[in-house]
Amino acid sequence: MNRPVEHSWIILNGKRLPAAEAHVSPLSDGFMFGLGLFETMKVRAGRPMFFSDHFNRLHRSAIELGLLFGPPADELYNRCRDCVAANEVTEAALKLMVFQDVGGVSELILTRPAMYQPEQYARGFRLHTVRDGRRADRLCGLKTMNYIGCLLAKRAVVAAGGDEALFIDRDGRVLEGAASNVFVVRDGLVYTPALDQGILPGTARARVLSLLGKECREGLLPAELLATADEVFITNALLGVMPVARIDERVYDRGAQPVTESVMKAYRALETQSGDAFHP
């Protein structure tokens, strides 16, 4: 059972420390300029879900940014498990950061309480569109620590009573959420923006694409499609699959979303399998 206390232990470069005793140089490029990457994983039954997916994305992104990130997958997995065990949690969110430190690349692992509750899935998320909120560039496809645009957009939406920001580009095309990928259902088919639109290659997105197969179309997603869609759902590693109940003034019937419900069920089954899938 989870402890009702703060998650007070972290792993810094392989060493377990009380969070209050961990120190990162303020002179590093990671601290000053956000030169770093992060992965966020759901923890269930004390295990990080889909660890290999996250490690592979982290490794690819580190190469692209020129971060000489060292630990192999099995060692990093054990460090993540050590952080979970130190904080005595079974259900949580685990964050892994890799960043340019003074003299080399550092890695920091921490946990925090699980963020999403059953009633949120029953209700569905409320999305607010943000026009021209993102520009397609090389960094949009990387999960970098330079995250301020998404953070401010998400905070503004939450302050206005919503749950997530949905970015629309200057040409009226749907891109992604501040912390999620988006899928639109119409007439039994599912549509989602392609990666060449400058969106993040989400790990949950990739799993959902595999589940849907030929029933999903990747490509340009005009914002007008949101008004005629039957269902909309979003994905990320912590949410899994989250139904959407509203986008701006457009309301979707939460009681009539069969495709979303089917994908949610299938994804949860994958999560259960994932807990036993990685063997360091």
Inset, instruction - Please determine if Glu164 and Lys154 form a salt bridge, counting it only when a charged side-chain N lies under 4.0 Å from a carboxylate O. - result: yes
Inset, instruction - For Phe38 and Met97, work out which heavy atoms get closest and say how close. - result: CB-CG, 3.8 Å
Inset, instruction - Group every Ile, Leu, Val, Met, Phe, Trp and Tyr by side-chain heavy-atom contacts under 4.5 Å, then state whether Phe167 and Leu151 land in the same group. - result: no
Legend entry - Sole residue of Lys95, Arg60, Lys143, Arg57 in salt bridge (Lys or Arg N to Asp or Glu O under 4.0 Å) with Glu39: Arg57
Legend entry - Nearest-0.5 Å distance, CZ of residue Phe99 to CG of residue Leu37: 11.5 Å
Inset, instruction - Would you kindly confirm whether Leu58 and Met145 end up in one hydrophobic cluster when ILVMFWY residues are joined by side chain heavy atoms under 4.5 Å apart? - result: no
Inset, instruction - Give a yes or no on whether Glu261 atom CD has more than 12 heavy-atom contacts from other residues, nucleotides or ligands under 6.0 Å away. - result: yes
Legend entry - side chain to side chain contact (heavy atoms under 4.5 Å, CB included) between Gln197 and Val174, worked out: CA-CA 9 Å; Gln197 299 302 295; Val174 178; over 6 Å; no
Inset, instruction - Taking all non-hydrogen atoms of both residues into account, name the closest pair between Val232 and Thr260 and its distance. - result: O-OG1, 4.4 Å
Inset, instruction - Taking all heavy atoms of Val157 and all of Asp163, pick out the closest pair and write down the distance. - result: CG1-N, 3.8 Å
Inset, instruction - Answer with yes or no whether the hydrophobic clustering places Val244 together with Val185; edges join I, L, V, M, F, W, Y residues whose side-chain heavy atoms lie under 4.5 Å apart. - result: yes
Legend entry - Single-linkage hydrophobic cluster, 4.5 Å side-chain cutoff, Val184 and Leu211 together: yes
Legend entry - Co-membership, hydrophobic cluster, residues Leu110 and Val105, 4.5 Å side-chain: no
Inset, instruction - Can you spot which of Pro71, Ser52, Pro72, Pro48 makes a side chain to side chain contact (heavy atoms under 4.5 Å, CB included) with Tyr77? - result: Pro48
Inset, instruction - Rounded to the nearest 0.5 Å, what's the gap from OG1 on Thr90 to CZ on Arg47? Could you check? - result: 12.5 Å
Inset, instruction - Work out which heavy atom in Phe125 is nearest to a heavy atom in Leu127; give both atom names and the distance. - result: CB-CD1, 3.8 Å
Legend entry - Spatial distance of atom CG (Asp82) from atom NZ (Lys15) [nearest 0.5 Å]: 13.0 Å
Inset, instruction - Look up atom CG in Leu12 and atom CZ in Arg79, then write down how far apart they are to the nearest 0.5 Å. - result: 10.0 Å
Legend entry - Gly104 backbone acceptor or donor facing Gln100 side chain under 3.5 Å: yes
Inset, instruction - Ignoring hydrogens and angles, state whether a donor on the side chain of Ser180 or Asn236 is under 3.5 Å from an acceptor on the partner side chain. - result: no
Inset, instruction - Decide if the gap between the ring center of Tyr267 and the ring center of Phe50 is smaller than 6.0 angstrom. - result: yes
Legend entry - For Leu239 against Tyr121, the heavy-atom pair lying closest together: O-OH, 2.6 Å
Legend entry - Heavy-atom closest contact (Val102 atom, Ser25 atom, distance): CG2-OG, 3.4 Å
Inset, instruction - Report yes or no: does Arg81 contribute a side-chain atom to a donor-acceptor pair with the main-chain N or O of Gly46 at less than 3.5 Å? - result: yes
Legend entry - Chi angles and distances behind the salt bridge (charged side-chain N to carboxylate O under 4.0 Å, His left out) call for Glu218, Arg205: CA-CA 11 Å; Glu218 293 182 81; Arg205 175 188 183 274; 2.6 Å; yes
Inset, instruction - Using only heavy-atom distances, determine whether the side chains of Asp53 and Thr203 contain a donor-acceptor pair under 3.5 Å. - result: no
Legend entry - Stepwise side chain to side chain contact (heavy atoms under 4.5 Å, CB included) test for His54 and Leu96: CA-CA 10 Å; His54 289 279; Leu96 164 61; over 6 Å; no
Inset, instruction - May I have the step-by-step check of side chain to side chain contact (heavy atoms under 4.5 Å, CB included) for Leu76 and Phe51, ending in yes or no? - result: CA-CA 10 Å; Leu76 196 59; Phe51 178 83; 4.0 Å; yes
Inset, instruction - Please check if the side chain of Asn87 supplies one atom and the backbone of Trp9 the other of a donor-acceptor pair under 3.5 Å. - result: yes
Legend entry - CG-SG distance between Leu17 and Cys83, expressed to the nearest 0.5 angstrom: 10.5 Å
Legend entry - Working for side chain to side chain contact (heavy atoms under 4.5 Å, CB included), residues Leu226 and Leu166: CA-CA 11 Å; Leu226 300 175; Leu166 179 61; 4.0 Å; yes
Inset, instruction - Verify the neighbour count for atom CZ of Arg155: are there more than 12 heavy atoms of other residues, nucleotides or ligands below 6.0 Å? - result: no
